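First, the structure itself, so that you have it in front of you.
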Amino acid sequence: MGKIKVLSPEVISKIAAGEVVERPSSVVKELVENALDAGGREVTVEVEGGGRKRIRVTDDGEGMSAEDALLALQRHSTSKIEDERDLFAIRTFGFRGEALSAIAAVSRMKVVSRKDGELAGVELKVEGGVLKGTEAVGCPLGTSVEVRDLFFNIPARLKFLKTQGTELGHIGDLMARVALANDPIHFRLLHDGHLLANYPVREDPSSRLAEALGKEACAKLHPFRIRGGEVEASGYAGDPGFNRANARGIYLFVNRRPVRDRLLMHAVLEAYRNLIPQGRYPVTVLFVELPPHAVDVNVHPSKWEIKFSDSEAVHRSVIQSIRGMLDRAPWLTESRASGKEDESRETSGAYGESRMPGSFPLPAREIFDLGLRPNAREIPAESSFLGQIAKTYLVFESPEGLNLIDQHAAHERILFEKLGGEFSRGSISSQPLLLPESIELPVDEAQATEEHLPELERLGFVVEPSGECTFWVKSVPEILAARGPIEALREIIRGIVSWGKQAGLPRPFDPLLQMMACRGAVQADQALGPAEALALTADLRDCHSPSHCPHGRPTSIRITVSDLEKMFGRK
Ligand SMILES: Nc1ncnc2c1ncn2[C@@H]1O[C@H](COP(=O)(O)OP(=O)(O)O)[C@@H](O)[C@H]1O
Ligand SMILES: [Mg+2]
C-alpha cells in the first residue's frame with residue numbers, strides 16, 4: 001500500500017488555490033520543504049544560472065516507492081493530510097499536494113528516489129507535465145528532484161524572471177531563512193558547482209545565526225524568549241543602534257515556517273518604538289511557536305501568509321519578549337570582546353524566560369504605571385564624575401572603565417519618560433503664565449486647536465478661544481516655561497493638524513512628547529557642574545529605557561578597561 005493519496009474533491013475545494021511557482025526560489029522552497037517533511041538530515045541545493053537553468057534538491061529522507069513517486073506528481077496528491085480536519089492540525093511544511101505537479105507542469109523534471117528496504121530506486125522524467133519515462137535505477141536512499149528550464153513552455157512567465165543575480169539572491173535569502181529555523185539539519189547551497197552557503201550542524205545554536213546573518217550582525221543580536229499561554233516567542237533581536245533602512249533584516253517564523261506577516265512585523269517595530277529613529281528598521285529573528293490549531297497556514301498558496309486565531313495574544317507576546325530584553329539593554333552588560341559571547345548566550349535564560357511586560361509599546365496611558373525596573377543600568381552607581389568634554393559629553397569613571405554620556409540625549413530620555421508618566425496618569429504639570437499670551441493661527445490650525453483643547457490641556461497647555469482664529473494661552477508645561485513654550489505650542493498644533501491627514505491611525509502622542517522633551521532638555525554646549533551631572537545620571541539610571549534617547553540616539557557609551565588595554569596594545 002502506498003502512502004500517498006489523491007485528496008477528495010471536498011478537501012481540495014478547501015485548499016487555498018493559486019500559483020505555487022512564481023520564480024526559482026519558490027521551486028527551491030517547495031523542494032526543500034518536501035525534503036524536510038521527508039525527514040532529511042542532509043539537504044543539498046544545487047542551482048545553475050540563478051536557478052533558471054537548473055535546480056536540484058537532494059535529501060537523505062525517507063524516499064518514495066515507485067508507485068508513490070508516480071502519484072506524487074499528480075495534482076492534489078499528498079501523504080500529509082487525509083481529511084478536512086487535518087487542515088487544522090498541520091505539523092508538516094507541505095499539505096496541499098500541489099507543488100510537485102505544479103513545478104512538473106512548467107519545467108523538465110527528474111525525480112530519483114529510493115525508499116528504505118527497497119533494492120532499486122525509481123527515476124521519473126516529466127516534461128511540461130507529461131510523463132516521459134519511468135525506470136528502475138541504483139541510487140542512494142532518499143530523494144533528489146531536478147528541475148530544468150523553468151517556464152520553458154510559458155514564455156510569458158519566463159519574461160518576468162529577473163537577472164541571474166537577483167534570482168540567486170532570492171534563493172540565498174530563502175536558504176538562510178530555512179537554515180535559521182532548522183538547525184538540526186545540514187544545508188548546502190551550490191551555484192554552478194561552487195559552494196555558496198554551508199550550514200553544518202553545530203552544538204551552539206548561535207553559530208547558525210552567524211552563518212545565516214554574518215558574524216558581525218550576530219555579535220549585535222541578543223536572545224529573548226517568553227512563554228504566555230499557548231504562545232511562545234523567542235529569537236534574537238539587535239541592539240537599537242544596529243538598524244537598517246529597510247525591513248530585510250527582520251526574519252519571521254511561525255512554527256518554523258518562514259512567513260510574511262504584518263501583525264508580527266508590526267509587533268517587532270512596536271518593541272523598538274522610541275528606541276530607533278523613525279523610518280529605520282531593527283534586525284530581528286523571531287520564532288513564534290503555537291499549537292497547530294491556533295494558526296491557519298492554509299491562507300496562501302505558497303504558505304507565506306498565516307492567520308492566528310488569537311492574534312492579539314501573539315502580538316502582545318512578541319512585543320513583551322523583545323521589549324523586555326531591550327529594556328535590560330544586554331549590549332551594555334554583555335562582554336563580547338573577551339570571547340565570552342557563547343557563555344553569555346547559553347546563560348541567556350537569565351533574560352530568557354521573562355514575563356516582564358513591555359513598557360512603551362503599550363498605549364501611552366498604560367505605559368508608565370507598571371513599575372518596571374529594568375536591571376541594565378548605563379552608569380554604575382559608584383561611578384565618579386571626571387568632567388565635561390566640549391560642554392556636551394559628561395565623563396565618568398567606574399570600576400569597569402569609562403562612561404561617556406551625551407547630556408542632551410540623556411536628559412531628553414529622562415524628560416520623555418517623565419512627561420509620558422504624567423501624561424499617562426492624567427496631564428503634564430503646567431504652570432500659569434503671569435500674563436496670558438494671545439496667539440493667532442491659520443484657519444486649519446485654529447480649527448484643530450478648537451477641536452483638541454482637552455488634548456492640549458493634557459499636554460500642559462491651557463488654551464482658550466478668544467476670537468475667530470485667536471486664542472489665549474493661559475498655562476504652559478512646567479518644563480517648557482523658560483524654553484519658548486509658545487513656539488512649542490505652535491509646533492504641537494501643527495503636529496495635531498497632521499493627525500487629520502493620517503485618518504485611522506491611533507493618535508500618536510509620542511512624537512509630541514518627544515518634541516517637548518527635546519525642547520525642554522539641557523542643550524549641548526551648556527556647562528554642567530558635578531552636582532548636575534550626577535543628578536542627571538541618577539535620573540537616567542531610573543529610566544525604563546535608559547540606553548537611547550527617544551529618537552534612537554545612544555545616551556551613553558562605555559569604554560571598558562579591556563577596550564583601553566586593546567587600544568594601547570597591552571592585549
Ligand atoms: N523529497 C521527498 N521525499 C519523500 N517524499 C516526497 C518528497 N517530495 C515529495 N514527496 C511526496 O510527494 C507528495 C507530494 O508532494 P507535494 O506536491 O510537494 O505536496 P505536499 O508536500 O503538499 O504533500 C508528498 O506528500 C510526499 O509524500
Ligand atoms: Mg510539498
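As the structure is a prediction and not an experimental result, all values here were calculated from the model. Position 1 is the first residue of the sequence; numbering continues from there. Just so you know, ligand 1 is whichever comes first in the structure, and atom 1 is the first atom listed for that ligand. The figures here come from the full heavy-atom set of this structure, side chains too, leaving out hydrogens, waters and symmetry mates.
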Problem - Minimum side-chain heavy-atom gap Ile171-Pro24 below 4.5 Å - result: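 In short, these two side chains touch, coming nearer than 4.5 Å.
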
Practice task
Please determine if the Mg ion (ligand 2) has an N/O/S atom from Asn34 lying under 2.8 Å away.
Solution key: yes

Problem - N-O pairing of Glu62 and Lys115 below 4.0 Å - result: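 No, Glu62 and Lys115 are not salt-bridged.
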
Exercise for the section: Indicate yes or no: does Glu146 engage Arg148 in a salt bridge with an N to O separation below 4.0 Å. Expected result: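 Looking at Arg148 together with Glu146, the answer is yes, because their closest N to O distance falls below 4.0 Å.
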
Handout entry: Arg208 (side chain) donor-acceptor with Tyr199 (main chain) under 3.5 angstrom
Key =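 Side chain of Arg208 to backbone of Tyr199: a pair is present.
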
Output a table of donor-acceptor pairs, distance under 3.5 Å, between side-chain atoms of residues 178-190 and any protein atom two or more places apart or on a different chain; print 'none' if there are none.
residue, atom, partner, partner atom, Å
Asn182, OD1, Arg256, NE, 3.2
Asn182, OD1, Arg256, NH2, 2.8
Asn182, ND2, Val178, O, 2.8
His186, ND1, Glu42, OE1, 3.4
His186, ND1, Glu42, OE2, 3.3
His186, NE2, Asn198, OD1, 2.8
Arg188, NH2, Thr44, OG1, 3.3

Exercise for the section: State whether Arg202 and Glu211 are salt-bridged, where the test is any N-O pair (Lys NZ or Arg NE/NH1/NH2 against Asp/Glu carboxylate O) under 4.0 Å. Expected result: yes

Sub-3.5 Å pairs, protein N or O with ligand 1 N or O:
residue, atom, partner, partner atom, Å
ligand 1, 1 (N), Asp59, OD2, 2.9
ligand 1, 3 (N), Thr143, OG1, 3.2
ligand 1, 8 (N), Asn34, ND2, 3.4
ligand 1, 17 (O), Ala99, N, 3.2
ligand 1, 17 (O), Leu100, N, 2.9
ligand 1, 18 (O), Asn34, OD1, 3.0
ligand 1, 18 (O), Asn34, ND2, 2.8
ligand 1, 19 (O), Gly97, N, 3.3
ligand 1, 21 (O), Asn34, OD1, 2.9
ligand 1, 21 (O), Lys80, NZ, 2.7
ligand 1, 22 (O), Phe95, N, 2.9
ligand 1, 22 (O), Arg96, N, 2.9
ligand 1, 22 (O), Gly97, N, 2.7
ligand 1, 23 (O), Thr78, OG1, 2.5
ligand 1, 25 (O), Thr78, OG1, 3.3
ligand 1, 25 (O), Ser79, N, 3.0
ligand 1, 25 (O), Ser79, OG, 3.2
ligand 1, 27 (O), Ser79, OG, 2.6

